Amino acid sequence: MRFRPCIDLHGGKVKQIVGSSLTDSGERLQTNFESELDSAWYAGLYRRDGLTGGHVIMLGPGNTEAALRALQAYPGGLQLGGGITPENAERFLEAGAERVIVTSYVFSGGELRRDRLEELCRRIGADKLVLDLSCRRRSGAYRIVTDRWQKFTDLEVTPELLRELAPSCSEYLVHAVEVEGRQSGVDLELVRILAASPRPVVYAGGISSLTELEQIREAGAGRVDFTVGSALDLFGGPLPYAQLKNYR
């Protein structure tokens with residue numbers, strides 16, 4: 001279990017937002033933090049501190065240039081997600097992304113598009129692909145959501161699904177969308193499910209204290225990595241980056 005850094009981009013700026021407030025219109029958007037620093041500054045910090053496996057997420061349009069600046073500042077050190085397709089995946093990998101993170105292209109129309117997943121694997125290789133299984137509760141199940149986390153699919157995050165998709169990816173990234181950006185506590189039930197993953201998996205959402213990190217360790221059997229957004233002092237929160245960067 002280790003800390004994975006993040007850079008969330010919205011409108012070309014580094015921001016932390018409440019995940020469930022994302023919409024196409026942006027009318028309900030709740031922003032917790034907007035940085036005056038460029039994406040490359042954060043990427044350079046993570047590079048200096050030797051942090052690997054972090055991710056840059058493009059939340060909507062207008063973020064490509066900021067994403068490219070981050071990749072250039074830390075080539076081979078960051079994963080990139082947000083609107084990834086087979087065509088632009090190759091471009092971002094060539095620009096320095098360690099891996100690309102995919103959701104909506106593969107989970108489309110409420111279902112898993114196996115043809116698209118196979119195409120991605122042919123084009124870039126499963127070793128370069130991270131599947132984003134970010135989810136929200138519906139009828140007691142954790143359903144994968146797409147398109148700024150607003151559209152539900154028929155797919156439930158279960159140990160069986162994690163095993164089924166494992167040959168087609170290198171890692172999973174999973175945001176607990178209902179608590180994402182709220183600093184309201186970790187979804188430990190979801191963490192317990194993720195502990196069954198045969199691939200590395202990163203949990204995000206709701207973290208607000210160092211105590212909760214130990215709860216993740218216990219619920220995830222030490223196998224689930226974590227990222228911290230709004231609660232990190234780099235983004236205006238209370239948790240010290242200086243301490244988390246050494247978390248093992």
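Predicted model, so just to flag it, every value in this text is computed and none were measured.
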Student check: side-chain heavy atoms of I193 and V157 closer than 4.5 Å | yes
Heavy atoms of other groups near E214 CD, more than 12 under 6.0 Å = yes
Is any side-chain heavy atom of R113 less than 4.5 Å from a side-chain heavy atom of L117?
-> no
Do S197 and R163 have side-chain N/O donor and acceptor atoms under 3.5 Å apart?
-> no
Indicate yes or no: does E156 engage R138 in a salt bridge with an N to O separation below 4.0 Å.
-> no
Heavy-atom nearest pair, A73 first then A40, reads CB-O, 3.7 Å
Between the main-chain N or O of G12 and the side-chain N or O of N63, is there a donor-acceptor pair closer than 3.5 Å?
-> yes
Would you check if the side chain of R137 reaches a backbone N or O of G140 as a donor-acceptor pair within less than 3.5 Å?
-> yes
Show your reasoning for whether salt bridge (charged side-chain N to carboxylate O under 4.0 Å, His left out) applies to R123 and E119.
-> CA-CA 6 Å; R123 294 278 289 267; E119 180 186 9; 3.7 Å; yes
Could you grab the distance from atom CG of L244 to atom CG of L232, nearest 0.5 Å is fine?
-> 6.0 Å
Side-chain touch K15/F33, heavy atoms, less than 4.5 angstrom | no
Sub-4.5 Å side-chain heavy-atom contact between K128 and L93 | yes
Minimum heavy-atom separation for A195 to A219, with atom names?
-> CB-O, 4.0 Å
According to the ring pair (Phe, Tyr, Trp, His ring centres under 6.0 Å) rule, which pairs have a member within residues 103-146, sequence neighbours left out?
-> none
Show your reasoning for whether side chain to side chain contact (heavy atoms under 4.5 Å, CB included) applies to N88 and T64.
-> CA-CA 11 Å; N88 64 24; T64 300; over 6 Å; no
Grab the two heavy atoms, one from V191 and one from I216, that are nearest each other, plus how far apart they are.
-> CG1-O, 3.9 Å
Taking T146 as the fixed residue, which of S104, S108, S134 is the one that meets the side-chain contact (heavy atoms from CB on, under 4.5 Å) rule?
-> S104
Euclidean distance, Q16 CD relative to I7 CD1, rounded to 0.5 Å = 10.5 Å
Hey, does I84 have a side-chain heavy atom less than 4.5 Å from the side chain of T103?
-> no
Shortest non-hydrogen contact from V56 to L78?
-> CG2-CD1, 3.9 Å
About how many Å separate CG of L45 and CG of D49, when rounded to the nearest 0.5 Å?
-> 5.0 Å
Under 3.5 Å donor-acceptor, R2 side chain and T52 backbone | yes
More than 12 heavy atoms of other residues, nucleotides or ligands under 6.0 Å from CD of E87: is that the case?
-> yes
State whether the side chain of S39 and the backbone N or O of A66 hold a donor-acceptor pair below 3.5 Å, judged by distance alone.
-> yes
Apply the test side chain to side chain contact (heavy atoms under 4.5 Å, CB included) to residues R91 and L68: give CA-CA distance (whole Å), side-chain angles for both, the deciding distance (0.1 Å), then the verdict.
-> CA-CA 10 Å; R91 174 192 174 192; L68 290 173; 3.4 Å; yes
Interatomic spacing from CG in D8 to NE2 in H175 - rounded to 0.5 Å = 6.0 Å
Do R114 and E164 meet the salt-bridge criterion of a basic N to acidic O distance under 4.0 Å?
-> yes
V100 and E90: side chain to side chain contact (heavy atoms under 4.5 Å, CB included), yes or no, with the steps?
-> CA-CA 9 Å; V100 291; E90 294 178 298; over 6 Å; no
Enter the distance from C6:SG to L51:CG here, rounded to the nearest 0.5 Å.
-> 11.5 Å
Atom of L129, atom of C121 and distance for their closest heavy-atom approach = CD2-SG, 4.3 Å
Looking just at side-chain N and O atoms, do Q215 and T211 make a donor-acceptor pair shorter than 3.5 Å?
-> no
Look at the side chain of D225 and the backbone N and O of V201, then say whether any donor-acceptor pair between them is shorter than 3.5 Å.
-> no
Answer yes if the side chains of D132 and Y172 hold a donor-acceptor pair under 3.5 Å, and no otherwise.
-> no
Any side-chain heavy atom of L112 within less than 4.5 Å of one from V106?
-> yes
Of all pairs that satisfy ring pair (Phe, Tyr, Trp, His ring centres under 6.0 Å), the ones with a partner from residues 34-77, not counting sequence neighbours | Y42-F235
Within a strict 4.5 Å, meaning less than it, do heavy atoms of the Q243 and L210 side chains meet?
-> yes
Decide yes or no for V102 and V130: does some side-chain heavy atom of the first lie under 4.5 Å from some side-chain heavy atom of the second?
-> no
Separation of L165 CG from L131 CG (nearest 0.5 Å) | 6.0 Å
Does any donor atom in the side chain of E171 or Q79 lie under 3.5 Å from an acceptor atom in the other side chain?
-> yes
Please say whether the positively charged group of R143, taken as NZ for Lys or CZ for Arg, lies over the ring of F152, i.e. under 6.0 angstrom from the six-membered ring centre and within 45 degrees of the axis.
-> no
Step-by-step side chain to side chain contact (heavy atoms under 4.5 Å, CB included) determination, L59 to I57 | CA-CA 6 Å; L59 299 170; I57 301 297; 3.6 Å; yes
Has K13 got more than 12 heavy atoms of other residues, nucleotides or ligands less than 6.0 Å from its NZ?
-> no
Looking only at heavy atoms, the pair that brings S170 and R99 closest together is OG-NE, 2.9 Å
Distance-only, no hydrogens or angles: does the R199 side chain make a donor-acceptor pair with backbone N or O of C169 under 3.5 Å?
-> yes
